[in-house]
Number of protein chains: 2
Amino acid sequence: MKVGERHYRTIWPTRDGRAVEIIDQTKLPHAFETARLETVEDAATAIRDMWVRGAPLIGATGAYGLALAMATDASDGNLSVAYDLLYATRPTAVDLRWGLRRVRDALRDLPPGARAEAALAEAATICEDSVATCAAIGDHGLPLIAALAERKGGEAVNILTHCNAGWLATVDWGTATAPIYKAHDAGIPVHVWVDETRPRNQGAALTAWELGRHGVPHTVIVDNAGGHLMQRGLVDMVITGTDRTTAAGDVCNKIGTYLKALAAHDNGLPFYVGLPHSTIDWELEDGMAIPIEQRAESEVAEIAGRTVDGRIERVRLLPEGSSARNDAFDVTPARLVTGLITERGVCEASRAGLLSLYPERGERRAG
Amino acid sequence: MKVGERHYRTIWPTRDGRAVEIIDQTKLPHAFETARLETVEDAATAIRDMWVRGAPLIGATGAYGLALAMATDASDGNLSVAYDLLYATRPTAVDLRWGLRRVRDALRDLPPGARAEAALAEAATICEDSVATCAAIGDHGLPLIAALAERKGGEAVNILTHCNAGWLATVDWGTATAPIYKAHDAGIPVHVWVDETRPRNQGAALTAWELGRHGVPHTVIVDNAGGHLMQRGLVDMVITGTDRTTAAGDVCNKIGTYLKALAAHDNGLPFYVGLPHSTIDWELEDGMAIPIEQRAESEVAEIAGRTVDGRIERVRLLPEGSSARNDAFDVTPARLVTGLITERGVCEASRAGLLSLYPERGERRAG
């Protein structure tokens with residue numbers, strides 16, 4: 001999406017194909033800096049130290065990392081070493097493994113001399129696929145916003161979102177944000193309520209940043225405020241992303257999503273989730289069976305920001321002796337989800353709904 | 001309550017009656033400092049600059065401020081000047097006006113020579129009344145916790161609270177915290193989930209501090225986490241305070257309370273509100289008619305904390321160009337409130353429930 005006047009993706013190869021550039025997301029929202037990755041070690045560092053984050057983007061960076069490795073040494077041995085190095089950076093990221101495997105499988109039967117170019121091409125295809133998927137989510141979500149806009153007769157449609165399921169988490173468009181960008185680009189007036197999303201503040205730091213750079217009107221609110229704004233008629237719909245969606249339509253997403261879904265339900269407001277098919281866990285029905293990652297207490301106890309004189313400083317918020325608990329995700333039961341917006345269309349959050357879009361999954365099960 | 005080994009109130013006169021001491025709450029949670037107020041100007045500063053906060057404590061400080069004024073000049077003229085000075089510090093605080101009026105009315109017919117002592121006595125009575133009220137809320141709430149403790153057979157009762165309705169907001173005991181302190185002091189094992197309560201972080205900064213000093217086990221969580229903890233069976237009950245309760249039992253309290261009430265309801269958990277009768281607005285039925293204060297954007301955009309080298313530093317969290325909205329309160333409809341815990345007992349959150357405890361209000365209405 002746009003940063004100022006220029007269109008950016010989160011990752012792109014340089015013209016000479018010798019390096020890959022990324023947006024260093026650790027610097028956001030206070031500085032916009034790109035970083036040049038020239039070696040597989042650079043790519044590993046970028047993933048490990050979270051210069052890039054978000055499942056699709058991690059997968060793409062891993063794929064380009066293999067391509068960088070092949071440019072120096074395209075032997076079977078180096079392919080294996082590079083694969084292991086990249087895989088170890090964030091071993092629980094499903095998309096990383098998927099991206100690495102896809103490149104490795106594409107190279108396996110090629111002679112070393114053809115591998116560097118083929119790896120670059122495969123990484124580029126992975127990126128294009130991701131962009132197409134997100135754009136399709138946007139195209140399917142757009143009519144939902146357009147319908148609300150029509151009902152509001154020209155007034156801005158107020159959309160609440162939680163965390164960052166934006167283009168910064170993907171290669172372009174984002175998932176939850178794709179319908180919003182599509183609507184904005186189509187001239188439909190939208191305004192986004194951005195939950196700050198404690199403890200890591202991905203809403204305030206990343207979603208607000210990317211919406212601002214693309215010119216989408218938005219206002220940051222604390223995570224406590226959404227229910228109140230809904231009660232007062234200031235929210236027309238909610239769109240979030242998801243980290244995992246069960247086959248029955250339960251949605252596991254950033255902690256706090258469940259509370260917004262409850263409030264949307266209590267106020268009769270639509271609650272949509274944007275997702276690529278890759279986040280659907282066809283093996284699992286009950287979202288409450290998903291184990292929830294507990295992260296470092298320091299993410300709750302401390303926070304970083306920019307001082308008046310421009311330094312980035314980390315400060316402690318808790319009293320001496322008080323500890324914190326930090327669950328990263330929660331589960332929104334399907335009964336609270338109005339619909340799932342995927343690259344194939346919009347469906348009910350249920351097995352039947354998902355199978356209407358992915359009928360091949362039903363056949364497989366029957367067989 | 002206790003700070004280390006010593007019992008503190010939030011305000012107390014010095015032995016010689018010439019000054020009043022308070023806890024400087026602007027320094028919490030990173031430093032515990034008391035401040036000595038010697039003049040009415042000192043008292044005005046303490047209220048205006050929020051060294052003291054919380055309705056009952058503001059009322060008490062105003063009352064003592066008038067007493068300090070009378071010690072230097074007990075004339076009618078100075079009584080009027082001091083009243084106006086103190087009243088102007090936080091003109092929307094109902095308890096401040098009430099405390100000031102109570103002292104002024106007690107002095108009016110007294111000769112100047114008797115006023116200083118009478119004012120001190122009246123301020124002390126206001127404090128004792130507040131402590132007795134809060135203690136009674138605690139006594140009525142205690143059996144609710146005891147019943148849960150019995151059901152849990154010795155395991156700690158997990159109580160979630162939002163914001164600071166603790167002893168720091170009153171003279172002692174607090175409102176929401178009174179049943180918790182009473183239970184803890186009675187040897188009932190309790191553990192408190194403390195919502196950090198963005199944007200001003202009164203939970204993380206004040207509630208965690210006071211629970212920690214008194215030795216009550218607690219854990220700070222982000223405001224997003226409560227619903228998830230309830231889903232996973234880690235919360236047994238919720239107790240919050242309230243800024244205004246309507247005659248029909250709607251509860252206006254710190255922004256985010258409504259979301260926790262929704263989650264408690266969705267998980268079949270009791271949601272109680274602790275309140276003194278002074279917060280009941282007998283003139284108003286519908287909580288949605290309460291106008292909600294919008295506070296400074298900077299409270300959302302910036303946050304203060306302690307750096308590793310001990311400095312208190314304020315940092316900006318939002319990107320350049322992003323703005324924020326800051327509603328201070330929300331309204332929890334009576335249908336989501338299990339019960340109101342007042343100084344007269346526990347009742348249903350409804351007009352009938354409130355009238356069962358305050359029958360004189362029904363008679364007045366009938367008459």
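Letters go in sequence order (proteins before strands), and every chain restarts at 1.
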Is there a donor-acceptor pair closer than 3.5 Å between any side-chain N or O of Arg316(A) and the backbone N or O of Gly310(B)?
-> no

Residues of residues 324-331 of chain A contacting chain B, heavy-atom criterion under 4.5 Å, by residue number = Ala324(A), Arg325(A), Asp327(A), Phe329(A), Asp330(A), Val331(A)

Test item: His30(B) and Glu320(A) side chains (from C-beta on) under 4.5 Å apart, heavy atoms = no

Going by residue number, which parts of residues 263-273 of chain B are within reach of chain A, meaning a heavy-atom gap below 4.5 Å?
-> Ala263(B), Asp266(B), Asn267(B)

dist Leu262(A):CG -> Lys260(B):NZ (nearest 0.5 Å) comes out at 11.0 Å

Proximal component of Asn201(B), with respect to chain A [non-hydrogen, under 4.5 Å] = side chain

Report the distance from atom CD of Glu210(A) to atom OG of Ser322(B), rounding to the nearest 0.5 Å.
-> 11.0 Å

Provide the full list of ring-ring contact (aromatic ring centres under 6.0 Å, His included) pairs with a residue in residues 192-212 of chain B, sequence neighbours left out, each pair given once.
-> Phe32(B)-Trp209(B), His191(B)-Trp193(B)

How long is the gap from CG on Leu318(B) to OG1 on Thr219(A), to the nearest 0.5 Å?
-> 10.5 Å

Nearest-0.5 Å distance, CD of residue Glu196(B) to CG of residue Asn224(A) = 8.5 Å

Rounded distance [0.5 Å steps], OG1 in Thr307(A) versus CD in Glu313(B) | 5.5 Å

Can you measure from CZ (Arg306(B)) to CG (Leu317(A)) and round to the nearest 0.5 angstrom?
-> 10.5 Å

At a heavy-atom separation under 4.5 Å, does His218(A) approach chain B through its side chain, its backbone, both, or neither?
-> both

Are there residues of residues 294-303 of chain B that reach to under 4.5 Å of chain A by heavy atoms, and which ones?
-> Val300(B), Ile303(B)

Side chain, backbone, both or neither: which part of Leu206(A) has a non-hydrogen atom closer than 4.5 Å to chain B?
-> neither

